[in-house]
Structure formats: C-alpha cells, structure tokens
Amino acid sequence: MNDRAVMLVWLLSCAAGTVAGNAGAQVPPSPRVTLDDSHFHLTNYVQRGITLRDLLTLMGDSVGRVAVFGIPLQQEWMHSVDGDRGPTYYLQSDAPLYYYSFTDAVIATEYLSLPLRDRARFDPMITGFNPGDMYAPDHIRRVLATFPGVFTGIGEFSVHKEFVSPKTEPGPASLTDPALDSVLATAGAIGLLAIVHNDMDVPFPADSATPAYLEQMKALVRRHPNTTIIWAHTGVGRIVRPVKNHAATLAAMLADPAFANLYFDISWDLVARYVVASSESVRITADLINRFPDRFVFGTDAVAPANATAYLTTNTLYAPLWAALSPDARRKVRVGNYERLFDAARRKVRAWEAAHVSK
C-alpha cells in the first residue's frame, strides 16, 4: 500500500467513524494456537512490505496474536554514494538512516482495514519517533489521538544498535538522555508497553566482563518502575554476542525487585543461533527461563517475510529450546506471557484514551 492509498483509507475510516469506534474487541483464541509473536515488522528499511491480510495467511490458525510495527528508520538512497543501486537494508549502504514517522499511519491504516475479528489478533505499536527528541511524547499522544483504539505500545525503537546507531541522523540516541526518560515516562502514564532495542555491549569489546551499556540500561529501567519494558533480544545483536555470564546477568536483574517491570524477548533468528549453538547453551538458556518463566516472550523479529517458512524461521530454530523447557514455561513464553502483558496494556491505553481523547 503506497502513501497516497494509506492516507485515503485513513480519511475514509475517519469519515465513517471507525477510528473512534474501534476498541480492540477480544476474540477467543483458536484451540490450535501454539504461538504468539511479540516482535514483528510489517515493513522494511525502505518502508516496503506486506499487508496484514498477507500476514494473517502466514499466521494461519497456529499463531494467535502478533505485536506489529514498522521500521522507524528509512534507509536513504544517496546517488552520490550508491549510484543506481537502491539499498533496501542498512548494511547495504554508507548513506544515513533518518526517522520516518509516517510508519505509524501505515500500520494504523492497515489495522483499520481489517474486520473487527481480525483486528483482535494484532497489537499495533507506535515506533515513528526519535527517542532523542524531547518532543517525542507529543508524537506518541498525537498518534493515539488520531487513531484511538488502535495502538497497544511503543517500539521496537533502538538506542544503541550495532551498525544502525552510528548512521542514524539525527543521532545517536542515548540511555542517559532526558528525552528517552520522557518517552518512557509517557508510556508509563498512558499504559503503553515499551519494546526497546539496546545492545548490552559494543561489537568486539576489549573487556567482555564489563558490558558497555549494561549499567546505563539498568539505571534507565529503575527510573521507570511504572513502565512495562521488554528488552529486545536480551541485549544481544548480530555481532554483539552474549556477554560473559550472560544468563547470570539476566538472572540477577530478574531476581531483583527493582526490575519487576522488566521482561525480555528472545526474538530474531540471529539471536536464536547463539542460544542453540550447543547443547550447553540450550541448557543454560532453558534453566534461566524455567527459573523465571513469567519474564520472557517469544518473537519472530521477521521483516515482511515472503512466506510462512520465512516467517517462522526463529520458531523453528528454537526447537531444541522448546524441548528443554518445562511445559509450564514453554506455554508461558510462547503464548501466556504475551496475552498477559499485551492484554493489560490494551486495557490501560483504552482507558487513557477514553479519558483524554476528544470524541
């Protein structure tokens, strides 16, 4: 769907009153549901992708619900850098990335094009803001006012991310920036769930025992006890490997009441490969999740996949982990924790909208 079509559908929806009337109806899950997806990108780094109707086909009956968002950054095509070869991914060019706020309108319009029963399977997220901008909370509130009844949370947005942060303009974002605090405080006040990508360490660290961004991230979480935060990928990236004693580092936070608002997603096929690299890595991860089964959610981190096989790659890679988890932990990570966290966020955000958004 191109930008003009998105705007046209949105205007028609407003005229028909469907924007204000959508309260996110709850539909009982199919008995065949075995998986919810807390981390899915409908579009890529040049804002191209699939439709939610396409995604429903990929989900079938086995995937119940999906947290869906775009990519908040647009890869610039600079002819002086790339010539006639248009890059579609951040690793394909030295040209910068810039923030693309219209992604939220694209996601909302896709969502509103669905019948109510299908809408109930999605939790759209606001992500088209710069976390280093003190005006970012205005964008979040503006999106909720424009599309009430649609969004459940914010994210995935990135602070420190390998390869991405250095080429983001303006940027990079910082864990100590008051602007980021204002974003998370706003999310907490409204009830929006927040998915944050922040690498725990830098690529190729000289001292792997002292992760570069761990203490700053911990301080950020502690400053916002009323905001439910999902730390994407457990702080791991493409080449940002699990830090020394990674599982123990996560366990220390999960056992600390100061981090009661913190959860982790185990999304991204590249991250899954670290987990399933050996029987020992599977055992360590399974022991951690079995110990804290309420604090992890599964996500594909798929980006506009072409088919069901591509969509479920991360789930397939995790087969050894699923087998190593207790039945209770496996059910919670794959379905139960998603429903608990996102249902709570839905209720809070709808209540905030009812009190603050003019009809």
Side-chain angles (χ1 to χ4, degrees), residues 1 3 5-27 36-43 47 49-56 59 64-72 100-129 136-157 183 186-195 227-228 230 299 338-339 341-359:
M1 184 177 292
D3 289 358
V6 166
M7 186 57 70
L8 178 60
V9 172
W10 170 62
L11 290 171
L12 291 173
S13 297
C14 289
T18 58
V19 173
N22 171 35
Q26 299 289 330
V27 175
D36 288 333
D37 182 357
S38 70
H39 195 126
F40 179 82
H41 298 276
L42 193 68
T43 55
Q47 311 307 318
I50 63 175
T51 68
L52 285 181
R53 285 183 171 81
D54 294 333
L55 179 54
L56 282 166
M59 292 163 63
R65 286 168 58 183
V66 177
V68 61
F69 33 93
I71 296 282
Y100 187 83
S101 293
F102 196 66
T103 185
D104 295 329
V106 172
I107 296 300
T109 305
E110 275 291 323
Y111 178 82
L112 291 168
S113 73
L114 298 175
L116 284 175
R117 182 177 184 86
D118 291 337
R119 293 184 200 177
R121 299 181 68 182
F122 296 108
D123 288 286
M125 308 288 280
I126 299 169
T127 192
F129 58 88
D138 285 357
H139 172 83
I140 293 168
R141 288 186 290 264
R142 192 177 300 121
V143 170
L144 293 176
T146 305
F147 300 106
V150 173
F151 290 95
T152 303
I154 60 174
E156 177 203 22
F157 66 90
V183 166
T186 299
I190 295 172
L192 294 156
L193 185 152
I195 302 175
T227 305
T228 300
I230 296 178
Y338 179 106
E339 294 180 352
L341 294 174
F342 284 85
D343 284 352
R346 278 188 185 184
R347 289 191 296 270
K348 292 175 183 177
V349 177
R350 299 294 86 82
W352 183 89
E353 289 171 344
H356 294 89
V357 176
S358 299
K359 298 297 188 290

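In this structure, Ser113 and Arg53 approach most closely via the heavy-atom pair O-NH2, 2.7 Å. Shown here for Gly70 and Thr43, the closest heavy-atom pair between the two residues is CA-OG1, 3.4 Å. When all heavy atoms of Val68 and Ile107 are compared, the closest pair comes out as O-CG2, 4.1 Å. For the residue pair Met125 and Gly155, the shortest heavy atom distance occurs at CB-O, 3.1 Å. In plain terms, the two heavy atoms of Gly299 and Asp37 that are nearest each other are CA-OD1, 3.3 Å. Looking at every heavy atom in both residues, Ser38 comes nearest to Ile195 through O-CD1, 3.5 Å.
Looking only at distances, a side-chain donor or acceptor of Gln47 sits under 3.5 Å from a matching main-chain atom of Ile71. Looking at Arg119, its side chain does come within 3.5 Å of a backbone N or O of Leu112 through a donor-acceptor pair. With hydrogens and angles ignored, the 3.5 Å screen pairs a side-chain donor or acceptor of Thr127 with a backbone N or O of Glu156.
Thr186 has its side chain out of reach of Ile154: every pair of non-hydrogen atoms, C-beta onward, lies at least 4.5 Å apart. Taking the side chain as every heavy atom from C-beta outward, Leu56 and Phe122 approach each other to under 4.5 Å. Within the 4.5 Å cutoff, the side chain of Asp343 has heavy atoms near those of the Arg65 side chain. Within the 4.5 Å cutoff, the side chain of His139 has heavy atoms near those of the Ile126 side chain. Side-chain contact between Glu110 and Pro124: absent, with no pair of heavy atoms (C-beta onward) separated by less than 4.5 Å. Leu42 places a side-chain heavy atom less than 4.5 Å from the side chain of Ile50.
Taking the six-membered ring for Trp and thresholds of 30 and 60 degrees, Phe342 and Tyr338 have nearly parallel ring planes, at less than 30 degrees apart.
Ion pairing of Asp104 with Arg142 is absent here, as no side-chain N (NZ or NE/NH1/NH2) approaches a carboxylate O to less than 4.0 Å. Of the charged side-chain nitrogens involved, at least one lies within less than 4.0 Å of a carboxylate oxygen, so that Asp138 and Arg141 count as a salt-bridged pair.
Qualifying ring-ring contact (aromatic ring centres under 6.0 Å, His included) partners for His41, counting only residues two or more places apart in sequence or in other chains: His39, Phe69. Residues satisfying the ring-ring contact (aromatic ring centres under 6.0 Å, His included) criterion with Phe157, sequence neighbours excluded, are Phe129.
Rounding to the nearest 0.5 angstrom, the gap separating the CZ atom in Arg346 from the CG atom in Asp123 is 4.0 Å.
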*asked:* Show, in sequence, the C-alpha distance, side-chain angles and deciding distance for Thr228 and Leu341, and conclude whether the side-chain contact (heavy atoms from CB on, under 4.5 Å) test is met.
replied: CA-CA 8 Å; Thr228 300; Leu341 294 174; 4.2 Å; yes

